[in-house]
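The figures here come from the full heavy-atom set of this structure, side chains too, leaving out hydrogens, waters and symmetry mates. Lettering follows sequence order; numbering is per chain, from 1.
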Amino acid sequence: MENTAFVDHEKFFDCVHCGLCLASCPTYVELGTEMDSPRGRIVMLRALQEGHAQLNDEVVGHLDLCLGCRACETACPSGVQYGELIEGARPFIEQHYRRPMLERGKRWLMNKTFPHPWGARLFALFLKVGAALGLARFAHSEAVPATLRYWFGLLPERGSVSSAPLLEHYPAIGEKCHTVGVLSGCVMSAVFGATNQSTVKVLRHNGCEVLIPKAQSCCGALLLHNGDKQTALALAKRNIDVFDQLDLDALIINAAGCGAMMKEYGELFKDDPVYRYKAARLTEKMKDAAEFVGSLELRAPTREVRVKATYHDACHLAHGQGVREQPRALLQAIPGLKLTNLPESDWCCGSAGTYNLTQPEMAARLLERKVGNIQATEADVVATGNPGCLMQIQAGLRQSGLPMKAVHTMDLLALAYEDEPGSGH
Amino acid sequence: MDQQVLDRLYDIVGPDGVVAHKSARSVYDCDGYTLEKAVPEIVVLPHSTEEVAAVVKFLNRERIAFVPRGAGTGLSGGCLPVEAPVMIGTSRLNKIVHIDLLNRYVVAQSGVVNLWVSNAVKEQGLQYAPDPSSQQACTIGGNIAENSGGPHTLKYGVTTNHVLGLEVVLPDGEIVTLGGTVEDVPGYDLRGITIGAEGTFGIVTQAALKLTRQPQAYRTFLAVFESVHHATQTVSGIIASGIVPAALEMMDTLIIQAIEEAFHFGFPTDAGAVLIIEIDGLAASLDPQTERIQAICKHNKAREVRIARDDAERMALWKSRKRAFGAIGRLSPNYCTQDGVVPRTKVPDILQRITEVSEKYQLRIANVFHAGDGNIHPILMYDERNADETRRVVQAGKEILNACVDLGGSLTGEHGIGVEKMGQMPLIFSPEDLMVMTQLRSVFNPDNLCNPNKIIPTPGGCIDVTTPRRQVPL
Ligand SMILES: Cc1cc2nc3c(=O)[nH]c(=O)nc-3n(C[C@H](O)[C@H](O)[C@H](O)COP(=O)(O)OP(=O)(O)OC[C@H]3O[C@@H](n4cnc5c(N)ncnc54)[C@H](O)[C@@H]3O)c2cc1C
Ligand code: SF4
Ligand code: SF4
């Protein structure tokens, strides 16, 4: 096998094989196999890079099963940048390894769907139509093939999909203190339009003028994750161009997966003579919605939201961006809301980008674990900061016949602010 | 591996309980001690005590040797398969079976992670006291095999002081219970000798663990010194004063710099040594002790004595300390952690010897250790791509341990002998001692099928590692 370096080789030596990451890795704890642990995967990745290992079904299987949740990075005392190792390997695998036909088809379809507005709309349409037809009902039907059943299970309820378009510009409410851009996101704008509206509302109430340029594109995370680095980079450049020319104090991202990816633009372009500076400059300004609002002197919300809530740490927020306390603090600032602790709150729910589509079995196991933990809290709502988690957890709750709802942190917070007459809020 | 053997193992544990593919089992080639590597021919992951017993019974009948493995965080190569084709992992034995709050014990399977036990009873104000720095990942079975300690060993003792009883699958496949769920079971303490046997007496499948009340209050100090000598004087001073600290940990300049870079706690990177001193107990008892500790530190020329302001700061301090080994990964591609013991008063002497070794072999060595027990952990940094440097590490490690023995100490405080230090056992034990140990092992493990080639060197046949094996291709 040719010896193609897919990541900076020195990065492998950060791993000292201590094993402290093992019990934080969801796939390891579920399966108990070292190949499905961070340490085991690093050994395999290094062997691949050094040309000691063959790219066979076995190795690829264990690497594919990695959620990319980066819980291992939080656990690792040695500062191993596991995310970079595995993300670096994915394009290498796509290039050199031939998956079974069906698998290839599935991946191709996904890569085509998400990054284009029409594709995302098509996806939204699938969700909408599926919901309208009540396909979720068939999620338990034996007549439907297992994979399809799982996909049906993900379908939202009737009427809950919204893709109301956003305006390009919103003025601040009250005294203006900041100018911020918002990434509308492909999945977010297709399926969680309401959450985008909530995010804008919360920002405006906190003195932000909000800009949402139409020319922006998908962040590229799903593509990168599935091994199509080239297209991912092209999308990233477009976003850099669009947002860099605006004079922003911050670029707000309310989908944790997109946020974690975009915060790596700086690193992705560090060797690009043209984009290096722009990317670094923009990366500095990127903030998760809760991270940013949590850093402001919060203008106190006035409306009561009487619910018992709990909070699920989206992997890409907690492990990817280190944002843990801010969303909790924001929830606690809501009058009437009671926040309870969720056991294993930073344990992946199995959504992980398109993971629930490519690895339905493991995704379902992790979801079951998550739902069990949520159920034990007896909360009315579970808040989180990522669309994938929202869909996954909501599906899990519904399948288990639980009345609880999964909502975005920004949705709960928006409820606590007065509607602005005439603005649609 | 013989197809018939494979088939039988599949029958017992099911297809998901066997790791047979070469690429897959290759990742089981070492633990936290990476100087030696060997790939098991097969890894078996049983789901229950009964499956463990069936596997072991079968292997015993076929005369096939096996090695137990927990999380593989061991630092002496204890679970390295040396002439043992089968590895038996406990990762699927990961349930807490029973919690008895009134009688203060937990029954846990051996693959349960140390920290999970304390987490399970945290809300009730209880804890499982042994707290190895690897507690976020290491297993109860591994702790029992190594009789692990931790920073709080000084006051609370090591694993054996907290294990009431064991369920063990003996090397012939018989399931036995040693000890019980109460303290002081009459008769010989078979539980006691099994703890610390490094997996050579059988496979522990379950254990009854004693729970202790969380202390009402803590006080945690960070004392900064210009030199290791002054820090050591302080340690002796505190112990001589009659105070029993919960923990007394020392770190030298190199390690302070590494963890400061990693965790940004605010350690003074120019200090010669720092001590982490912790006292715990009734809140009212802490103030007078605090004054005395501060006075002793001052007397020994402490540059500064900080007290953790709140629980968050205390946790941050401990997190930095407990992750110190790992932080070395940021300074060096590879490291080897040594584990030796010297009488507490000899700490300055051993550190002097370590400095000499460091110069002689041209290696960077950082020191972090349980100063209260004289349990030192020199960390030798190297790059495995440099064969000569790797050889020097092996030599230097040996020399440091020899120095410990010279100073009246011992070869290991808590990481075990494993394969790493087997060759040095004759330094502290006579041939007669070793013979007695072999006889004792024979009572449990007559054919030496369970974790062979560990702890006790076979006369003339001990593996003397001078050139470590290279990474095996997958
Ligand atoms: C960063 C770091 C910090 C550490 N800090 C400490 C510390 O503070 N104190 C300390 O004492 N140790 C420490 N260690 C060493 C190590 O974590 C302990 O020895 C631990 O108890 C090993 O547990 P494990 O589950 O990883 O066992 P493994 O490494 O898998 O195995 C260790 C030994 O136990 C045997 N074994 C495992 N399970 C069983 C079983 N069920 N029945 C019979 N035998 C079994 C194996 O055969 C082997 O001989 C540290 C290690 C690292 C990497
Ligand atoms: S990734 Fe980090 S925690 Fe895991 S084995 Fe490597 S160094 Fe240790
Ligand atoms: S990213 Fe998540 S699933 Fe992958 S190795 Fe790390 S902890 Fe495990």
Keeping [X] on the side-chain end and [Y] on the backbone end, is there a donor-acceptor pair under 3.5 Å?
{"X": "B/Arg92", "Y": "A/Thr33", "value": "no"}
{"X": "B/Gln136", "Y": "A/Ala75", "value": "yes"}
{"X": "A/Glu58", "Y": "B/Ala24", "value": "no"}
{"X": "A/Arg39", "Y": "B/Val27", "value": "no"}
{"X": "B/Tyr335", "Y": "A/Val16", "value": "no"}

Neighbour count >12 (heavy atoms, 6.0 Å) for atom [atom1], [X]:
{"X": "A/Glu368", "atom1": "CD", "result": "no"}
{"X": "B/Lys122", "atom1": "NZ", "result": "no"}
{"X": "A/Glu267", "atom1": "CD", "result": "yes"}

If the threshold is 4.0 Å, N to carboxylate O, is there a salt bridge linking B/Arg330 and A/Glu10?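 Salt bridge: no.
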
Looking only at heavy atoms, what is the nearest atom pair of A/Ala23 and B/Ala137, with distance?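 What the structure gives for the nearest pair is CB-CA, 4.2 Å.
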
For A/Val29 versus B/Trp116, what's the shortest heavy-atom pair and its separation?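 Closest approach of A/Val29 to B/Trp116, heavy atoms only: CG1-CH2, 4.0 Å.
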
Applying side chain to side chain contact (heavy atoms under 4.5 Å, CB included), run through A/Cys18 and B/Thr73 and close with a yes or a no. CA-CA 6 Å; A/Cys18 66; B/Thr73 68; over 6 Å; no

Non-hydrogen side-chain atoms of [X] and [Y] separated by less than 4.5 Å:
{"X": "B/Ser91", "Y": "A/Tyr28", "result": "yes"}
{"X": "B/Ser23", "Y": "A/Asn56", "result": "yes"}
{"X": "A/Glu34", "Y": "B/Arg69", "result": "yes"}
{"X": "B/Tyr33", "Y": "A/His17", "result": "no"}

Need one label for [X]: side chain, backbone, both or neither, based on atoms under 4.5 Å from any heavy atom in chain A.
{"X": "B/Asp31", "value": "backbone"}
{"X": "B/Cys138", "value": "neither"}
{"X": "B/Ser332", "value": "backbone"}

Nearest 0.5 angstrom please: B/Arg385 CZ to A/Phe13 CZ, how far?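 So the gap between those two atoms works out to 3.5 Å.
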
Enter the distance from B/Leu331:CG to A/Ser78:OG here, rounded to the nearest 0.5 Å.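 The distance works out to 9.0 Å.
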
Which residues in residues 315-326 of chain B have any heavy atom closer than 4.5 Å to a heavy atom of chain A?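 Near chain A, by residue number: B/Arg323, B/Gly326.
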
